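Lettering follows sequence order; numbering is per chain, from 1. Remember, predicted model here, so these are calculated numbers, not experimental data.
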2 protein chains.
Amino acid sequence: MDADLFDASCPSRQALDRIGDRWSVLVVSTLAAGTLRHGEIAGRIGGITPKMLTQTLRGLERDGLVRRTVYAEVPPRVEYALTGLGRDLVGLVQQLTRWAEVHIPDVEAARADYDARPTASRK
Amino acid sequence: MDADLFDASCPSRQALDRIGDRWSVLVVSTLAAGTLRHGEIAGRIGGITPKMLTQTLRGLERDGLVRRTVYAEVPPRVEYALTGLGRDLVGLVQQLTRWAEVHIPDVEAARADYDARPTASRK
DNA sequence: CTGTATCCAAGGGGATACTG
DNA sequence: CAGTATCCCCTTGGATACAG
């Protein structure tokens with residue numbers, strides 16, 4: 001019931017808990033293009049349900065990564081934009097993306113090799 | 001059924017799918033210290049079940065991030081070590097950790113502020 | 001348009017016990 | 001010691017319908 005220095009005290013775990021879910025990275029990356037409305041984000045991502053979009057946006061807003069602005073107009077208008085902290089996160093995500101782009105071939109090669117191995121095959 | 005440029009084609013998503021789970025980052029970070037045995041890893045992390053350790057290790061091995069060496073001895077001995085690719089990933093994870101260490105205070109402040117807001121309170 | 005509420009299926013991951 | 005096999009719970013997230 002008590003780990004060494006890991007569990008919740010590990011910063012990388014906390015960071016991953018924030019962006020490790022299915023949509024956060026996508027939403028943040030989309031907002032990197034600039035201020036967008038709820039429907040615009042949904043349209044650009046495609047496949048995300050309104051529930052998940054709102055849920056993701058709320059989480060990002062709560063963590064100070066996204067700023068939500070509501071305009072009290074007749075047709076409700078709500079705009080979302082990255083905060084300075086959010087823009088910072090985007091930079092990190094882009095590094096992650098870059099790493100992935102460079103190394104994915106290696107990973108796939110390793111995987112193909114692993115799956116083809118006669119010894120420790122077995123998925 | 002077809003997103004713009006995201007969904008599975010997004011590299012960052014692929015990278016996150018690899019390290020976004022509960023244990024991969026912890027295991028990889030632990031192995032950054034050097035070659036370790038199954039039990040040693042479990043001991044250093046604390047709280048991980050043998051099932052999850054093996055499962056995580058298998059995934060990392062399959063993706064070419066970790067190298068598994070089995071010694072055919074009387075008391076079974078299996079050692080795990082990072083590959084070049086794995087060491088590369090560790091570098092990225094450390095960047096992530098660094099970012100988290102620096103910005104977690106901001107995130108927590110934003111969260112506390114959000115939770116205290118009279119307007120859009122409501123968890 | 002923006003967002004909420006409900007229902008529900010799938011899977012991750014924990015506990016435990018057992019095998020080589 | 002290393003790893004496997006079950007069982008099972010609980011969370012994530014998708015579909016759908018509805019409200020402000």
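- One interatomic measurement links the two molecules: CD of Q55(B) to C1' of dA15(C), which rounds to 15 Å at whole-angstrom precision.
- No side-chain heavy atom of R37(B) sits less than 4.5 Å from a side-chain heavy atom of V78(B).
- Note on the helix from dC1(C)-dG20(D) to dG20(C)-dC1(D): angle between the axes of the first and last five pairs equals 40°, rounded to 10 degrees.
- Of the candidates L53(A), T49(A), I45(A), I45(A) is the only one forming a side-chain contact (heavy atoms from CB on, under 4.5 Å) with W23(A).
- Legend: residues meeting side chain to side chain contact (heavy atoms under 4.5 Å, CB included) with A110(A), ordered by chain and number and at least two apart, are absent.
- The shortest distance between side-chain heavy atoms of I41(B) and L31(B) falls below 4.5 Å.
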List, with names and distances, any nitrogen or oxygen atoms from the protein found under 3.5 Å away from nitrogen or oxygen atoms belonging to nucleotides 2-9 of chain C.
| unit_1 | atom_1 | unit_2 | atom_2 | d |
| --- | --- | --- | --- | --- |
| dT2(C) | OP1 | R37(A) | NE | 3.1 |
| dT2(C) | OP2 | G39(A) | N | 2.9 |
| dG3(C) | OP1 | R68(A) | NE | 3.0 |
| dG3(C) | OP1 | R68(A) | NH2 | 2.6 |
| dG3(C) | OP1 | Y80(A) | OH | 3.1 |
| dG3(C) | OP2 | Y80(A) | OH | 2.9 |
| dT4(C) | OP1 | R58(A) | NH2 | 3.3 |

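- For R67(B), there are no side chain to side chain donor-acceptor pair (under 3.5 Å) partners two or more places apart in sequence or in a different chain.
- Residues L36(B) and E79(B) are not in side-chain contact: their nearest non-hydrogen atoms beyond the backbone lie 4.5 Å or more apart.
- For DNA chain D, the contact window with chain A, defined by any atom under 4.0 Å from a protein heavy atom, covers dG13(D) to dG20(D) in 5' to 3' order.
- Other residues, nucleotides and ligands contribute at most 12 non-hydrogen atoms within 6.0 Å of the CZ atom of R98(B).
- Under the 4.5 Å side-chain heavy-atom criterion for grouping Ile, Leu, Val, Met, Phe, Trp and Tyr, V70(A) is connected to L82(A) within one hydrophobic cluster.
- Distance L16(A) CG to dG12(C) C1': 16 Å, rounded to the nearest Å.
- A ring-ring contact (aromatic ring centres under 6.0 Å, His included) check over residues 38-90 of chain A, counting only residues at least two apart or in different chains, returns nothing.
- Looking at L16(A) and L16(B), their side chains come closer than 4.5 Å, going by heavy atoms from C-beta outward.
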